[in-house]
Novice: 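Quick one: this structure, given as structure tokens, is what I'll be asking you about.
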Amino acid sequence: MGHIFLLLLTWLGVVTAFSPTDTNPINLVVDQASGGFKLNVPNSTLSFNSADIFFQVNGKLYSTADGSLLYTTFASGLGTDPLGKYQYKSIHWQAGGVRVETYYRYYMDAPAVVFGQHFPDGANGTSVGNQEHTCTGFPTIALEGQAGLLAYLSFGGNMFGGASIGAGEWYYQTTGIRSGITGGPLAIFDRTLHTVVLSPFSQFMAASVWHNGTGGGTFGGEVNYGIMGDVENIPPNFDYQTILFYDKGINQALHEWGGTLMKQYGKTRARTESDFASNYIGYWTDNGAYYYYHTESGKNYEETMVDVMAYTKEAGIPYRYLQLDSWWYYKGVAGGVKTWDARPDVFPNGLRALYEKIGLPIVAHNRYWAKDTTYAKQNGGNYSFIVEKQSTTSMPIDMMFWDDLFTQSAEWGLIVYEQDWLDVEFKGLKATLSSTSLGKQWLMQFGQAASSHDLNIQYCMANPRHALQSVQIPAVTQARVSGDYHPGNEQWRIGIGSIMAHALGVRPYKDTFWSTTNQTGSPYGHATEPYPRLQAAVTTLSAGPVGPSDMVKGADVKLIMRSCNAEGLLLKPSRPATAIDLQIAQKAFQLDLGPKGEVWTTYSDISGFRFGIILAADLQVDWNITSVTAGFGEMMFGMAFTLPFTTTSLTPFGVASENLLLKQCGKDDFAVWYTSPFLNLLTNKTVMIIGETDKWVPMSPQRVTNIHTYGDTVELSLTGAPGEVVTMSYGIESKGWMETKCVLDEAGTATLNINKETCY
Ligand SMILES: *[C@@H]1O[C@H](CO)[C@@H](O)[C@H](O)[C@H]1NC(C)=O
Ligand SMILES: *[C@@H]1O[C@H](CO)[C@@H](O)[C@H](O)[C@H]1NC(C)=O
Ligand SMILES: *[C@@H]1O[C@H](CO)[C@@H](O)[C@H](O)[C@H]1NC(C)=O
Ligand SMILES: *[C@@H]1O[C@H](CO)[C@@H](O)[C@H](O)[C@H]1NC(C)=O
Ligand SMILES: *[C@@H]1O[C@H](CO)[C@@H](O)[C@H](O)[C@H]1NC(C)=O
Ligand SMILES: *[C@@H]1O[C@H](CO)[C@@H](O)[C@H](O)[C@H]1NC(C)=O
Ligand SMILES: *[C@@H]1O[C@H](CO)[C@@H](O)[C@H](O)[C@H]1NC(C)=O
């Protein structure tokens with residue numbers, strides 16, 4: 001350790017700096033001889049030193065620490081790639097007899113640096129015999145310095161990196177960085193929220209982040225970016241990149257980082273935004289649901305699902321799809337999927353008959369493939385699979401398999417293929433852990449097949465590596481971001497996990513919930529859901545799927561209808577609600593920087609007006625929020641209020657320094673604040689729109705498609721179901737607060753003229 005520490009401090013002197021631009025303020029200096037770097041961001045305490053570069057080749061570690069990685073040449077110049085123009089510096093090395101290259105790309109038009117590892121000849125014997133390590137290291141970043149200056153947020157585990165989020169101070173004794181196979185993107189920020197995000201930028205399934213060495217003296221080891229430790233060889237011309245992206249604000253930096261990945265790989269948000277199962281309410285039967293491996297007594301699943309749909313229709317809940325969980329297909333070894341088809345004891349008439357009876361499209365779950373799956377050639381099936389002696393799972397490596405599977409499922413109404421257990425499927429095989437390409441090939445194959453069959457995909461139990469890979473898979477439109485729901489559990493805390501899902505262009509899913517507290521005879525003993533309102537609010541504000549799972553006659557119809565319009569279209573905000581920066585800073589620094597509890601924000605942007613939403617839950621002490629700390633930016637001056645609407649909750653809000661007091665609260669008395677700007681008319685009359693007070697999002701772009709202000713007139717274009725009654729509330733200066741009932745026409749539209757207090 002002492003040896004490494006000395007080397008870290010040895011700056012060999014042959015330094016060469018990149019030139020910051022108006023867009024890229026990062027200061028980056030490279031030492032030509034050691035290949036290392038120093039990086040900092042002006043006006044912040046963000047400052048990093050590199051550690052040693054290493055490559056495992058032919059069973060031996062070649063490192064700059066002991067000089068075994070031999071420097072050969074240095075080059076620099078200019079280039080262009082999908083991210084734009086860059087300055088580059090590259091260093092060629094010899095690892096034994098094998099050529100490797102490390103390079104830096106410093107972008108002129110993006111606040112980003114890309115670090116690359118290149119293998120012109122490939123490399124053999126790369127495994128270090130530990131899947132949680134990396135077999136290569138560049139960049140490697142030293143964990144050093146004192147506490148109190150920097151902190152980190154580290155995504156990890158499954159559920160798109162939302163299941164095991166780490167946060168704490170970044171200094172020489174840091175331990176909580178999510179590392180190895182389940183490790184993920186890392187945001188590092190200072191007390192003023194200047195933030196850098198670090199993550200793989202290519203080869204997402206093969207790359208890992210590895211934090212090795214902790215707590216020796218004042219050097220806390222290093223954070224290494226490289227290839228998974230069990231990879232056995234690297235093919236010729238293999239190239240791996242890591243990105244470092246800078247911005248002000250944690251949410252902002254992560255959002256822009258994600259946007260940069262999406263741009264690099266050509267993924268857009270359009271498909272996610274038009275995803276049917278993220279836009280309409282659906283009925284769920286997964287873990288936590290009332291009907292999970294559980295039917296009405298004396299009835300089979302087909303009869304139970306038909307009863308659920310009949311009940312909910314009569315009750316007035318416009319469910320638009322049905323989710324079928326793992327209870328309907330054949331299981332094999334270790335609970336894996338043997339055949340993805342309906343068992344006769346579950347659906348005696350098959351899936352097609354169910355689809356015809358309920359008349360709704362299907363979201364269907366799938367697990368990991370069992371070793372004895374009937375599809376594999378090894379088991380007498382028709383398709384190529386990887387099956388290993390020592391493993392209980394298997395993996396399809398045959399495009400035809402997916403095409404055939406999805407051709408069949410089109411017959412029974414599949415619209416979303418929910419691939420669960422992504423982490424177990426990946427980690428279950430030696431082949432995936434030891435290959436640079438297999439993990440990617442697997443995800444790309446079912447992603448491409450889904451696209452050609454017009455299916456979308458929900459990722460469940462995805463590690464960050466799967467999450468990052470989804471930027472190359474347009475069909476992935478939704479992802480679970482927290483653990484499985486069980487009545488009464490704590491998996492609703494998705495405010496931080498949703499940041500990553502949104503950044504990468506997929507809709508975060510909270511999972512199902514019960515809309516009423518007591519549902520007797522459930523598969524969960526005497527479990528109850530004490531906070532159905534919180535569940536409903538969180539899932540609606542997530543802008544992702546909303547999927548209740550109540551027993552027949554057990555739904556709170558009014559509560560469920562707070563989420564959607566009369567035909568089940570979700571009335572959501574413009575973007576998922578996410579934890580504010582100061583909540584994350586509070587969690588990481590443990591100072592009095594931010595709220596002690598959940599404070600998430602989102603908004604609806606309609607015709608250039610921003611309607612803010614602030615959710616405060618499980619807040620241990622009172623805390624003041626402003627439009628800036630809420631992440632709304634500088635808003636037009638207006639008011640904040642809560643629902644049900646009364647004038648007593650009205651609080652001025654909008655100017656940067658205006659404080660809105662969020663009161664200490666729990667999970668029952670959680671608060672949702674709404675903000676609305678003043679609209680000033682020519683007669684110097686001010687108008688303020690409240691919206692639909694019986695919805696979680698009273699002003700949703702799914703309901704109000706346009707706000708037209710001209711002269712002394714304010715008109716709202718409304719949309720919804722034909723004949724739907726929409727009650728809009730608003731205030732007019734000197735007239736007071738009022739509401740107008742609009743009945744939508746046959747096309748499902750109406751225009752509300754606020755001055756005339758009429759709808760036409
Ligand atoms: C740093 O602060 C100075 C003074 O406020 C400002 O002029 C400069 O643009 C800032 N630089 C960056 C990169 O934020
Ligand atoms: C790796 O091994 C293969 C197969 O033995 C060989 O053809 C190739 O040249 C080796 N590559 C390197 C870089 O040693
Ligand atoms: C981390 O691992 C690399 C590669 O094995 C090694 O060179 C380095 O010394 C290790 N660092 C610490 C702090 O253990
Ligand atoms: C393999 O394909 C053939 C021809 O489509 C089909 O008849 C047979 O049932 C398939 N075998 C299995 C095990 O699915
Ligand atoms: C749920 O049942 C318990 C026990 O019977 C009862 O005390 C409670 O009031 C019920 N809660 C609701 C919301 O119905
Ligand atoms: C919130 O701000 C108000 C002033 O706007 C101040 O009086 C109050 O003490 C603050 N409360 C907290 C908890 O910071
Ligand atoms: C509105 O207010 C402005 C400034 O106070 C004033 O000049 C103008 O006459 C007012 N307009 C009407 C229609 O009252």
Side-chain angles (χ1 to χ4, degrees), residues 1-8 34-36 49-69 93-101 117-144 172-175 177 179-180 208-238 330 332 337-341 369 372-385 396 398 400-401 403-405 407-408 434 436:
M1 196 74 80
H3 175 63
I4 299 152
F5 182 50
L6 269 180
L7 256 146
L8 279 171
S34 74
N49 290 318
S50 60
D52 303 310
I53 300 170
F54 63 90
F55 293 91
Q56 180 88 6
V57 176
N58 294 326
K60 183 172 182 299
L61 184 72
Y62 294 91
S63 166
T64 52
D66 59 5
S68 55
L69 186 66
W93 310 90
Q94 289 274 348
V98 176
R99 292 185 298 164
V100 292
E101 181 194 342
Q117 306 177 7
H118 189 70
F119 303 82
D121 311 320
N124 295 324
T126 50
S127 170
V128 293
N130 189 329
Q131 66 190 34
E132 298 303 325
H133 293 186
T134 60
C135 61
T136 64
F138 178 77
T140 59
I141 297 168
L143 260 165
E144 52 191 352
Y172 75 96
Q173 285 189 325
T174 293
T175 53
I177 291 165
S179 176
S208 280
V209 53
W210 170 39
H211 176 201
N212 73 329
T214 46
T218 55
F219 176 51
E222 53 206 55
V223 174
N224 306 293
Y225 285 86
I227 305 305
M228 293 184 293
D230 271 356
V231 164
E232 278 160 4
N233 51 64
I234 291 171
N237 281 318
F238 187 82
Y330 294 87
V337 191
K338 190 165 190 173
T339 308
W340 202 58
D341 202 355
W369 300 100
D372 59 347
T373 178
T374 54
Y375 301 110
K377 282 180 183 160
Q378 290 90 331
N379 304 318
N382 285 329
Y383 307 101
S384 298
F385 270 67
D398 193 333
M400 256 219 330
F401 166 69
D403 272 329
D404 290 352
L405 196 75
T407 300
Q408 281 163 27
S434 59
T436 53

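Nothing fancy with the numbering, it's 1 onward along the sequence. In listed order, ligands and their atoms are each counted from 1.
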Novice: Please state whether Asp52 comes within less than 4.0 angstrom of ligand 3, counting heavy atoms only.
Specialist: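 It does not; every heavy atom stays at 4.0 Å or beyond.
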
Novice: I'd like to check which ligand 3 atoms, numbered from 1 as shown, lie under 4.0 Å from a non-hydrogen atom of Phe54.
Specialist: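 Going through ligand 3 atom by atom, the ones under 4.0 Å from Phe54 are 3 (C), 4 (C).
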
Novice: Taking non-hydrogen atoms only, is Trp210 closer than 4.0 angstrom to ligand 3 via side chain, backbone, both or neither?
Specialist: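 It is the side chain that gets close, since no backbone atom is under 4.0 Å.
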
Novice: Between His133 and ligand 3, which part of the residue brings a heavy atom under 4.0 Å of the ligand: side chain, backbone, both or neither?
Specialist: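 For His133, there is no contact with ligand 3 at all, from either part.
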
Novice: Could you note down all residue pairs passing salt bridge (charged side-chain N to carboxylate O under 4.0 Å, His left out) where residues 117-132 supplies at least one of them, sequence neighbours left out?
Specialist: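 Output for this query lists Arg99-Asp121, Glu132-Lys427.
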
Novice: Can you classify the ring geometry of Tyr375 versus Phe385 as parallel (below 30°), tilted (30 to 60°) or perpendicular (above 60°)?
Specialist: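 Correct class here is parallel.
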
Novice: Pairs of donor and acceptor atoms involving the side chains of residues 226-235, under 3.5 Å and at least two apart or interchain, shall be tabulated with distances.
Specialist:
residue	atom	partner	partner atom	Å
Asp230	OD1	Asn130	N	3.3
Asp230	OD1	Gln131	N	3.4
Glu232	OE2	Lys430	NZ	3.1

Novice: Within the 4.5 Å heavy-atom criterion, are Leu61 and Leu69 side-chain neighbours or not?
Specialist: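 Result no, sub-4.5 Å side-chain heavy-atom pair not found.
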
Novice: Who pairs with Asn58 by side chain to side chain contact (heavy atoms under 4.5 Å, CB included), at least two apart in sequence or on another chain?
Specialist: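 Only Val98, Asn124 meet the side chain to side chain contact (heavy atoms under 4.5 Å, CB included) criterion with Asn58.
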
Novice: In terms of side-chain heavy atoms, does Ser68 have a donor or acceptor partner in Asp66 at a distance below 3.5 Å?
Specialist: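 There is such a pair between these side chains.
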
Novice: Could you report the tightest heavy-atom contact between Val337 and Thr373, atom names first, then the distance?
Specialist: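 Nearest pair, atom of Val337 first, then Thr373: O-CB, 3.6 Å.
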
Novice: If you measure from each non-hydrogen atom of Leu61 to ligand 3, which part falls under 4.0 Å: side chain, backbone, both or neither?
Specialist: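 For Leu61, the contact with ligand 3 is made by the side chain alone.
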
Novice: If we ignore hydrogens and angles and just use 3.5 Å, is the side chain of Asn49 paired with the main-chain N or O of Ala142 as donor and acceptor?
Specialist: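 No: the side chain of Asn49 does not pair with the backbone of Ala142.
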
Novice: With heavy atoms of Asn382 as the reference, note each atom of ligand 4 found under 4.0 Å away.
Specialist: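 Atoms satisfying the 4.0 Å criterion: 1 (C), 2 (O), 3 (C), 8 (C), 10 (C), 11 (N), 12 (C), 14 (O).
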
Novice: Assess, by modelled atom type and distance only, whether the side chains of Gln117 and Thr136 contain a donor and an acceptor separated by less than 3.5 Å.
Specialist: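 Side-chain D/A pair, Gln117 to Thr136: present.
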
Novice: List of N/O pairs, ligand 2 versus protein, all under 3.5 Å?
Specialist:
residue	atom	partner	partner atom	Å
ligand 2	2 (O)	Asn124	OD1	3.4
ligand 2	2 (O)	Asn124	ND2	2.3
ligand 2	11 (N)	Asn124	ND2	3.0
ligand 2	14 (O)	Asn124	ND2	3.3

Novice: Asn212 to ligand 3: N or O pair under 3.5 Å?
Specialist: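 Min N/O separation from ligand 3 is below 3.5 Å for Asn212.
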
